[in-house]
Protein chains: 2
Amino acid sequence: MTRPTMEDVARRAGVSRALVSLVMRGSPKVSEQRRAAVLRAAEDLGYSPHAMARSLASRTSTVLGVMVSDLHNAFFAEIVDGLDAVARAEGFELIINTGGRSAARERRALDSLLSFRPAGLALLGPVVPSAAIAGAANQAPVVLVARSSRLSTVDTVNDDGEMGSGLAVDHLISLGHKRITHFDGGEGSQSAPRRKGYLLAMQRHGLPADVVRSEYTDTAGAKAVRHLIDRGGELPTALVTANDFNAVGAISALEEAGLRVPADVSVVGYDNTSLAALRHVSLTTIDQPRNEIGRLAAEALLQRVRAQRAEPKRHLLNPSLVIRSTTAKPPPPPN
Amino acid sequence: MTRPTMEDVARRAGVSRALVSLVMRGSPKVSEQRRAAVLRAAEDLGYSPHAMARSLASRTSTVLGVMVSDLHNAFFAEIVDGLDAVARAEGFELIINTGGRSAARERRALDSLLSFRPAGLALLGPVVPSAAIAGAANQAPVVLVARSSRLSTVDTVNDDGEMGSGLAVDHLISLGHKRITHFDGGEGSQSAPRRKGYLLAMQRHGLPADVVRSEYTDTAGAKAVRHLIDRGGELPTALVTANDFNAVGAISALEEAGLRVPADVSVVGYDNTSLAALRHVSLTTIDQPRNEIGRLAAEALLQRVRAQRAEPKRHLLNPSLVIRSTTAKPPPPPN
DNA sequence: CTACACGATTAGAGCGCTCCAACAAATAGA
DNA sequence: TCTATTTGTTGGAGCGCTCTAATCGTGTAG
């Protein structure tokens with residue numbers, strides 16, 4: 001089980017350890033003849049360099065630490081996918097752990113990642129206090145995804161939630177809706193800008209805003225609908241929901257209450273998850289370019305790693321409206 | 001940016017480097033007084049041990065390599081989640097990369113993981129040839145998920161697809177169904193045992209089997225339904241589909257064709273993804289314990305790492321039936 | 001008062017590699 | 001011919017840590 005080292009390769013090829021090192025790193029200043037000899041010896045022995053020893057000696061790292069608040073969430077999984085793609089293309093490796101939406105656990109996860117002295121750190125939807133992030137940013141370049149920050153040492157990649165909700169509202173209004181309610185994402189990340197976008201858009205059109213506190217789950221969406229019905233008064237003709245899950249829960253509850261979507265009530269989701277695209281659901285929603293987010297995060301990190309940039313970068317990606325079958329003109333007013 | 005080392009802590013605490021090392025590893029043979037001094041010094045300096053240097057010096061690793069054929073797939077993401085949970089609880093870290101369903105890329109991914117000399121390797125749904133797996137297994141303990149192997153050096157964790165389909169068929173038959181069609185998963189992994197389980201169960205009950213080639217997507221499910229309708233003849237009263245996505249696609253197509261689920265046709269999915277649980281979908285399906293799969297994989301690995309076991313372990317997990325709202329008694333025969 | 005054991009501490013070698021300065025050999029310039 | 005350069009190669013120090021064996025005090029028994 002004990003693998004061959006550079007020493008072994010050097011001995012077999014009849015050269016010094018340093019020469020083997022040069023060959024392994026693809027240095028141009030090695031004669032073809034020696035290079036071939038070294039490569040052969042390595043091949044024979046099944047040698048491959050020890051990444052950690054290399055990292056230690058060179059005082060550099062090819063590891064990017066990734067902390068995912070929740071891998072369960074397909075949204076983050078796709079971002080990791082994007083990160084992985086560019087990281088690997090650039091010769092970096094991802095080391096991942098999850099924070100489980102608990103600040104304490106995230107702290108530990110962060111420490112654990114830092115103990116590998118990674119070249120950079122990507123935090124996906126972290127909930128740790130800003131101070132912890134600042135601390136981490138002192139040790140390695142940090143990029144934040146789905147969380148904003150004013151720290152000048154960290155980069156951020158976000159979708160413009162304010163704009164996204166605005167798109168949803170504009171779409172509904174252009175269909176003729178006037179009573180539009182927002183189900184918000186509660187404490188969830190990005191909940192605030194989405195709410196703000198809704199409020200601003202309603203105000204812009206001179207319509208009364210109505211926000212119901214909710215969460216990023218389908219049960220919460222259903223609950224919000226029942227709340228709407230229970231509180232009495234006129235029902236809205238359209239819903240701008242916290243995310244796709246919330247939307248789907250809302251749709252179910254609406255249908256259970258005898259209301260048709262979109263004939264009676266239009267519903268817009270957020271995220272454009274694979275769920276929304278299912279023909280059975282066919283949800284009008286706001287798309288965030290997830291893979292793109294991952295790529296940009298990785299690129300931002302690599303730029304810092306290579307010291308190509310010191311000023312913070314704030315990516316704010318434009319979401320887009322995806323119109324499917326859950327929005328339509330409002331029903332004619334009952335008279 | 002240059003972080004303090006053990007040397008720095010030692011100097012500040014007025015002790016030797018070795019003593020700091022002992023404290024950091026929680027050795028009992030250190031006087032309380034010194035321990036406190038060291039801990040204080042470390043705290044003051046913001047010191048934390050360098051995982052790679054530690055690994056190199058101790059000739060041990062706390063890293064588990066994970067190769068995911070496709071992180072996009074929520075199924076694997078949840079397994080990684082399970083892996084992560086037990087790995088972290090045991091003080092191990094995950095280093096992840098993806099193979100992108102290409103044997104060549106998987107090979108490279110594998111090499112890259114091995115260059116970190118991980119304590120063990122988990123391969124999720126790998127497509128590389130068996131020889132490559134055997135090669136990897138020579139360097140580190142390997143556990144395979146969603147892929148079987150005869151290699152005595154690797155462990156495997158799979159769900160019993162044959163049994164799962166059997167459960168679906170039995171359930172439908174107990175409801176009174178006789179014409180049950182299977183939409184299979186085509187070339188997809190685990191497609192074969194699921195098909196086999198269907199065939200065996202039908203045979204066991206003396207019913208004629210009917211398999212329609214399909215895939216693990218919702219569009220494929222819809223297409224299979226249209227194929228069923230187009231080919232004429234009597235429609236089945238129940239569908240055992242390739243997976244949940246396939247099921248949802250099939251349901252949509254059925255409804256579009258004016259058939260009600262489950263009144264006219266019952267549908268069973270496979271995997272019990274979060275999709276199936278949505279109230280809007282409420283799909284009867286076969287549950288694979290994904291988190292459990294991840295846990296078992298991690299445990300199998302750790303047992304090998306600790307040399308607690310040398311014989312291969314073959315986990316075959318029992319799937320279970322989750323009854324929701326897409327299955328019911330068949331319609332009375334039209335006479 | 002010496003011998004001995006025992007717990008606490010430390011020096012030093014070494015993990016597998018990179019990097020630097022030094023060097024030998026071949027080539028160029030004067 | 002002799003001194004510069006260039007090109008290819010090498011020894012050795014050192015990255016931050018662990019581990020073994022040796023050392024240093026103490027307390028205790030003889």
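Values reported hereafter were calculated over all heavy atoms of this structure, with side chains retained and with hydrogens, waters and symmetry mates removed. Note on naming: letters A, B, ... go to the chains in the order of the sequence lines (proteins, then strands), and numbering restarts at 1 for each one.
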Can you measure [X] atom [atom1] to [N] atom [atom2] for me and round it to whole angstrom units?
X: B:M52; N: D:dG14; atom1: CE; atom2: P; answer: 23 Å
X: A:L22; N: D:dG11; atom1: CG; atom2: P; answer: 13 Å
X: B:M6; N: D:dC19; atom1: CE; atom2: P; answer: 11 Å
X: A:R11; N: D:dT10; atom1: CZ; atom2: P; answer: 14 Å

Begin from the C-alpha positions of A:K313 and A:E299 and carry the test salt bridge (charged side-chain N to carboxylate O under 4.0 Å, His left out) through to its verdict. CA-CA 11 Å; A:K313 193 155 225 160; A:E299 276 160 20; over 6 Å; no
Give a yes or no on whether B:E187 atom CD has more than 12 heavy-atom contacts from other residues, nucleotides or ligands under 6.0 Å away.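 No.
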Are more than 12 heavy atoms, taken from residues, nucleotides or ligands other than A:R40, located less than 6.0 Å from that residue's CZ atom?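 For A:R40, atom CZ is not crowded (no more than 12 foreign heavy atoms under 6.0 Å).
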Is there a side-chain polar atom (N or O) of [X] under 4.0 Å from OP1 or OP2 of [N]?
X: B:S58; N: D:dC17; value: no
X: B:S21; N: D:dT18; value: yes
X: B:R25; N: D:dT18; value: yes

Of B:L56 and B:A18, whose closest DNA chain C nucleotide lies nearer the 5' terminus?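 Nearer the 5' end of the strand: B:A18.
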Distance under 4.0 Å to a non-hydrogen atom of chain B counts as contact; along DNA chain C, which nucleotides mark the start and end?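 That gives a stretch of C:dA8 to C:dG16.
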Going by side chain to side chain contact (heavy atoms under 4.5 Å, CB included), B:L39 matches just one of B:V20, B:D44, B:V23. Which one?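 It is B:V23; the other options fail the test.
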In dot-bracket form, 5' to 3', how is DNA chain D paired? Count Watson-Crick and G-U wobble pairs only if both distances fall under 3.5 Å, and write | where the partner sits on another strand. ||||||||||||||||||||||||||||||
Hey, could you give me the [atom1]/[atom2] distance between [X] and [Y], rounded to the nearest 0.5 Å?
X: A:L19; Y: A:S27; atom1: CG; atom2: OG; result: 9.0 Å
X: A:R105; Y: A:T98; atom1: CZ; atom2: OG1; result: 7.5 Å
X: B:D271; Y: B:Y216; atom1: CG; atom2: OH; result: 7.5 Å

Side-chain contact, heavy-atom cut-off 4.5 Å: A:R117 with B:S48?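 Counting from C-beta outward, A:R117 and B:S48 do come under 4.5 Å.
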With heavy-atom distances below 4.5 Å as the criterion, would you say the side chains of B:R304 and B:P312 are in contact?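 SC-SC contact between B:R304 and B:P312 confirmed.
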Test for a donor-acceptor pair under 3.5 Å between the base of D:dG12 and the side chain of A:R17, counting only N and O atoms.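 Flag set: donor-acceptor pair detected.
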Under 4.0 Å between any heavy atoms, over every strand shown, what does A:R34 touch: base, sugar-phosphate, or nothing? Just pick one.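 It contacts sugar-phosphate atoms only.
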